[in-house]
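Working notes for the structure below.
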Amino acid sequence: MKITDKPKRTKTKQYATGEEVLRKLVNKHEIVNKILEYRQLKKLKSTYVDALPELINMKTGRIHTSYNQAVTATGRLSSTNPNLQNIPIRTERGREIRKAFVPRDEHHVLLAADYSQIELRIMAALSQDEHLIDAFRKGLDIHAATAARIFGVSLEEVTSDMRRKAKTANFGIIYGISAFGLSERLSIPRKEAAHIINAYFEQYPAVKSYMDSCIHDAKALGYVETLKKRKRYLPDINSKNAVVRGIAERNAINAPIQGSSADMIKIAMINTFKALQERKLQSKMILQVHDELVFDVLKTEVEEVKEIVREEMEKALPLSIPTIVDIKTGDNWLEAH
DNA sequence: AATTTCACG
DNA sequence: ACGTACGTGAAATTA
């Protein structure tokens, strides 16, 4: 439509129209927002509303996913046919879909138990950064605590904007972020993003040296590993192509963190299943979504199951800092969140 | 069959 | 000069 001078192209030379591209064009033409809204509705309808009812099992009257144990590079599970690890939650219309996931009958509730900030906790434990460890031991709001440190203010002086930036930085760090990436995500100048990253590593110096050591180990050994010694091989770590090498370096930083989190929840799943069996409970573990377990719980068993699940998840793979699990119940999956 | 887009952690 | 945050899977579109 000629609403931008240098339209972005995909690698096959077509016009790129992904969400990030379109969002930069919303002020150029009134149709752009309408396209974004249309896309969202189309996605939700085709992927969930239309597809899921087709997958109801004739015998059980329920839908059953398949969990794949040997697909991902990091040790996570993946879920197919249908994928129940990407059920919507972020938008209001998406949340309507999540409400459709309900307990087996009126005598049951759904119980959702999720690890709180698990990847940041693992990064604290792996890096042994004293300030990050200290924040978790004190039970602080980790994004606010990070904001206070990187912006040099007291906890009380942290504004919502400072916290938002620190939160994005925290997630970015786990992925091996660049100043460019952070600036894009926060819509701030690259210089400011670079300052935030510099401040982050000044305030959490052991995080910086831990990340450097991940890359160093990958170059020396050809792989990195998780807390439970799961390896990810990184054959591109010494590539002469800077782009290819950069991806491998970010993998070297991220894989031990994401993979150790997967180690932890897998151990928790085994031990929780055993504990429910040993106590002859009828409640069932029904879903895993990377840092969350969902149970179909007999109402009379709620308190006992809650205790067991918290205990088994929190003690599955002890770190040098507390592991916290948040638990909620509800009459549908959204309410249990 | 490959690519693009977008849903989740 | 160049590209630029990790891990997935499904549906629609393009080749």
Side-chain angles (χ1 to χ4, degrees), chain A residues 8-23 35-52 54-55 65-91 93-95 97-98 112 114-120 122-123 168-186 190 193-194 197 211 214 224 232 234 240-262 265 287-294 333 337:
Chain A
K8 204 175 162 215
R9 309 267 181 156
T10 66
K11 68 178 171 191
T12 52
K13 311 285 191 258
Q14 303 181 81
Y15 292 116
T17 69
E19 186 176 352
E20 280 181 38
V21 174
L22 290 190
R23 259 194 287 137
I35 291 170
L36 284 167
E37 187 155 340
Y38 173 80
R39 288 260 188 91
Q40 185 196 78
L41 293 168
K42 263 273 169 144
K43 183 74 164 193
L44 295 177
K45 184 170 185 293
S46 65
T47 305
Y48 305 101
V49 178
D50 292 341
L52 290 176
E54 298 295 320
L55 294 166
T65 185
S66 294
Y67 282 111
N68 312 298
Q69 297 212 66
V71 166
T72 72
T74 56
R76 278 185 171 186
L77 303 183
S78 79
S79 161
T80 56
N81 191 28
N83 181 357
L84 294 185
Q85 292 182 319
N86 73 344
I87 298 304
I89 195 170
R90 295 177 185 172
T91 66
R93 279 160 169 149
R95 288 193 278 275
I97 291 166
R98 191 165 279 239
D114 64 284
Y115 283 113
S116 163
Q117 306 295 354
I118 191 59
E119 293 196 347
L120 282 174
I122 285 168
M123 188 174 76
T168 304
N170 269 329
F171 281 116
I173 289 291
I174 290 170
Y175 303 145
I177 201 178
S178 65
F180 175 88
L182 186 62
S183 70
E184 284 287 301
R185 287 205 159 37
L186 285 174
R190 191 129 32 130
I197 292 171
M211 291 182 168
C214 285
V224 290
R232 178 169 184 176
L234 296 166
K240 278 180 276 182
N241 180 326
V243 176
V244 170
R245 188 175 65 247
I247 293 170
E249 288 174 355
R250 292 192 294 276
N251 291 159
I253 291 167
N254 176 261
I257 298 171
Q258 189 180 121
S260 296
S261 165
I265 197 166
L287 290 174
Q288 189 256 41
V289 193
H290 309 304
D291 65 353
E292 171 187 11
L293 297 178
V294 181
W333 194 6
H337 248 272

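Every chain is numbered from 1, with letters handed out A, B, ... down the list of sequences. Since the structure is predicted, the reported quantities are computational estimates derived from the model, not experimental observations.
Evaluation of atom-type donor-acceptor distances gives no pair under 3.5 Å for the side chain of Arg185(A) against the base of dT4(C). For a distance-only test at 3.5 Å, the side chain of Arg90(A) qualifies as a donor-acceptor partner of the base of dG9(B). Judged by atom type and distance alone, Glu19(A) does not reach the base of dC6(B) through any side-chain donor-acceptor pair under 3.5 Å.
Contacts of Arg250(A) with the nucleic acid, taken as non-hydrogen atoms under 4.0 Å apart, involve only primed sugar atoms and P, OP1 or OP2. Residue-level contact check: Ala262(A) touches neither bases nor backbone, having no heavy atom under 4.0 Å from any strand. Nucleic acid contact class of Phe171(A) (heavy atoms, under 4.0 Å, all strands): base. Base contact: Ser178(A) has a heavy atom under 4.0 Å from a base atom. Residue contacts for Ile89(A): at a heavy-atom cut-off of 4.0 Å it reaches the sugar-phosphate backbone alone, with no base atom in range. In this structure, Thr168(A) reaches the bases: a heavy-atom distance under 4.0 Å links it to at least one base atom across the strands shown. Heavy atoms of Ala242(A) sit nowhere under 4.0 angstrom from any nucleic acid atom. Within the 4.0 angstrom heavy-atom criterion, no nucleotide atom of any strand lies near Ala179(A). Looking at heavy-atom distances under 4.0 Å, Arg232(A) makes contact with sugar-phosphate atoms alone, never a base.
Atom name P, nucleotides dT4(B) and dT4(C): the rounded distance is 13 Å, in whole Å.
Between Gly176(A) and Ile253(A) the shortest heavy-atom distance is CA-CD1, 4.2 Å.
When distances are taken from the side chain of Ser46(A) to each of dA11(C), dG9(B), dT8(C), the shortest belongs to dA11(C). With dT4(C), dC6(C), dA10(C) as the choices, the nucleotide that has an atom nearest any side-chain atom of Asn254(A) turns out to be dC6(C).
Distance Ile97(A) CD1 to dC6(B) P: 16 Å, rounded to the nearest Å. Distance, Asn241(A) CG to dG3(C) P: 10 Å, rounded to whole Å.
Proximity of Arg76(A) to Gln258(A): side-chain heavy atoms (C-beta onward) are separated by under 4.5 Å at one or more points.
Here the side chain of Arg98(A) pairs a donor or acceptor atom with the backbone of Pro88(A) at under 3.5 angstrom.
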Can you give me the N/O atom pairs linking the protein to nucleotides 13-15 of chain C at distances under 3.5 Å, or say none if there are none?
unit_1: dT14(C); atom_1: O3'; unit_2: Gln14(A); atom_2: OE1; d: 3.3

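Both distances falling under 3.5 Å, in either a Watson-Crick or a G-U wobble arrangement, place dC8(B) opposite dG7(C).
Using a 3.5 Å distance cut-off with no hydrogens or angles, the side chains of Gln85(A) and Ser79(A) do not pair a donor with an acceptor.
For the segment residues 77-87 of chain A, residues with any heavy atom less than 4.0 angstrom from an atom of DNA chain B are, sorted by number, Gln85(A), Asn86(A), Ile87(A).
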